[in-house]
Amino acid sequence: MGDTLGVTRWPALLLTWPSGVDRDLIELTLAHLDDFQPTAIQEDDQGPWRVFFASPSSREAAHRELADRLARQGIAISPIDVDDENWAARSQAKLTAVTVGALIIAPPWDLPVQPTPGTIVAIIEPSVGFGTGHHASTRLCLAMCQRLDLRGRRILDVGTGSGVLAIASALLGASAVVAVDIDPDALESARTNAARNEVETTIQFVVADFRSAALHPAEIVFANLTGIMVGAALDRLIDLTTPSGFLVLSGFTADEIVGRPDGPVPSTPRGSLVDRLDEDGWRCLVLQRTLPDA
Ligand code: SAH
């Protein structure tokens, strides 16, 4: 998602529309771009859009394949590296603890000295894994952890990153947590963080792509990914949620266009939207899986 510590520049394409562009051309262009799996699209009513990619090579592939085709429609694309504007401030100030409700997510160097009774402290050392509590999408999921009652529940954390949501779930009383990530380095840091919080026996770590791995459905599933990933894998994520269980989705902005007019989480007969939280333009949605399954 680009907030991983150590990443300071995001590969993107700047996309300039011709004047009077219509919705059909936008949809068609997004469909072309989708083949290159952009991680996020930042639209702008007035100016060019930014289309982000996971790596410079995927950005270059999209540029190479699409530049001529789009130019014929009057659309210009050019590669840019977007600065992570918060990065300098964050690295200079060093990360400090973040409070979300009763949870404090703290780096080892900023542990609360005397937490008030009822406070739950999760120690998360910022490293390769995304999820320090400094991104709004993580905070929204942490807030949802506390709106849902996790005690005694089986949890699946899809894209665990630093392990922050898995660890918070275990500390909030979940009986068993499975934490999945495609990135072995992230998973290693999640494992270390779990041990720091003495919840490593509650959490099972799995290095895998959640879209194809053999995973058991869980009563509560967290998926803080990207809008495009959530939109494309929504059915799979619902499959991974037990009937009447909850699917907590984030990693997209409130106005994100991901190739569907109704955003990454269309209403579906398989799940109904039961909760929503917004922060800094980011959104978190909770679907409850329909019972009986349609
Ligand atoms: N859960 C954390 C981290 C979210 S970042 C938080 O809420 O802050 C998203 C994570 O999803 C990244 O660590 C990334 O490696 C992982 N991810 C992306 N695609 C994945 C896939 N197909 N299967 C499993 N993990 C994936």
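Note that the numbering runs from 1 along the sequence shown for the chain. Both ligands and their constituent atoms are indexed starting at 1 by order of listing. Worth knowing before you read on, the calculation uses all heavy atoms, side chains too, and leaves out hydrogens, waters and symmetry mates.
- Atom CD of Glu200 has more than 12 neighbouring heavy atoms from other residues, nucleotides or ligands inside a 6.0 Å radius.
- Counting only N and O atoms by type, the side chains of Ser137 and Asn224 include a donor and acceptor under 3.5 Å apart.
- For ligand 1, the atoms sitting less than 4.0 Å from at least one non-hydrogen atom of Phe210 are 21 (C), 22 (N), 23 (N), 24 (C), numbered in the order shown with element in parentheses.
- Proximity to Asn224 (heavy-atom distance under 4.0 Å) selects the following atoms of ligand 1: 4 (C), 5 (S), 6 (C), 7 (O), 8 (O), 9 (C).
- Residue contacts with ligand 1 for Met229 involve side-chain atoms from C-beta outward but no N, CA, C or O (heavy atoms, distance under 4.0 Å).
- In this structure, Trp282 and Ala136 approach most closely via the heavy-atom pair CD1-CB, 3.8 Å.
- Between Gly159 and ligand 1, at least one pair of N/O atoms sits closer than 3.5 Å.
- Under a 4.0 Å criterion applied to the non-hydrogen atoms of Leu225, ligand 1 contributes the atoms 11 (O).
- Within the listing of ligand 1, atoms 6 (C), 8 (O) sit less than 4.0 angstrom from a heavy atom of Val164.
- Taken to the nearest 0.5 Å, the CG atom of Asp239 stands 11.0 Å off from the CZ atom of Phe210.
- A search for ring pair (Phe, Tyr, Trp, His ring centres under 6.0 Å) contacts involving Phe36 returns nothing, not counting sequence neighbours.
- Counting the atoms of ligand 1 from 1 in the order shown, those under 4.0 Å from a heavy atom of Thr160 are 1 (N), 2 (C), 3 (C).
- At distances below 3.5 Å, not a single donor-acceptor pair connects side-chain atoms of Asp34 with backbone N or O atoms of Leu30.
- Defined by atom type and a distance below 3.5 Å, a donor-acceptor pair is present between the side-chain atoms of Asp157 and Thr160.
- In this structure, Gly133 falls outside the shell of residues with a heavy atom less than 4.0 angstrom from ligand 1.
- Val286 has its side chain out of reach of Arg276: every pair of non-hydrogen atoms, C-beta onward, lies at least 4.5 Å apart.
- For Ser162, no nitrogen or oxygen atom sits less than 3.5 Å from a nitrogen or oxygen atom of ligand 1, counting backbone and side chain alike.
- The Arg211 neighbourhood of ligand 1 comprises atoms 22 (N), with distances under 4.0 Å to a heavy atom of that residue.
- Distances from atom 13 (O) of ligand 1 to the heavy atoms of Asp181, Leu140, Leu187 show the closest one on Asp181.
- Near Ala208, meaning under 4.0 Å from one of its heavy atoms, ligand 1 places the atoms 23 (N), 24 (C).
- Side-chain atoms of Ser58 and Ser55 include a donor-acceptor pair closer than 3.5 Å.
- Side-chain contact between Leu277 and Arg147 is present, with heavy atoms from C-beta onward closer than 4.5 Å.
- Residue Ile182 has at least one nitrogen or oxygen atom sitting less than 3.5 Å from a nitrogen or oxygen atom of ligand 1, judged on distance alone.
- In terms of N/O distances under 3.5 Å, ligand 1 is not approached by Asp183.
- With a 4.0 Å cut-off on non-hydrogen atoms, Asp209 touches ligand 1 through its backbone as well as its side chain.
- Listed by atom number, the atoms of ligand 1 under 4.0 Å from Leu165 heavy atoms are 1 (N), 7 (O).
- Of the possible polar contacts, one joining the Arg289 side chain to the Ile238 backbone as a donor-acceptor pair under 3.5 Å is found.
- Residue Val158 has no N or O atom closer than 3.5 Å to an N or O atom of ligand 1.
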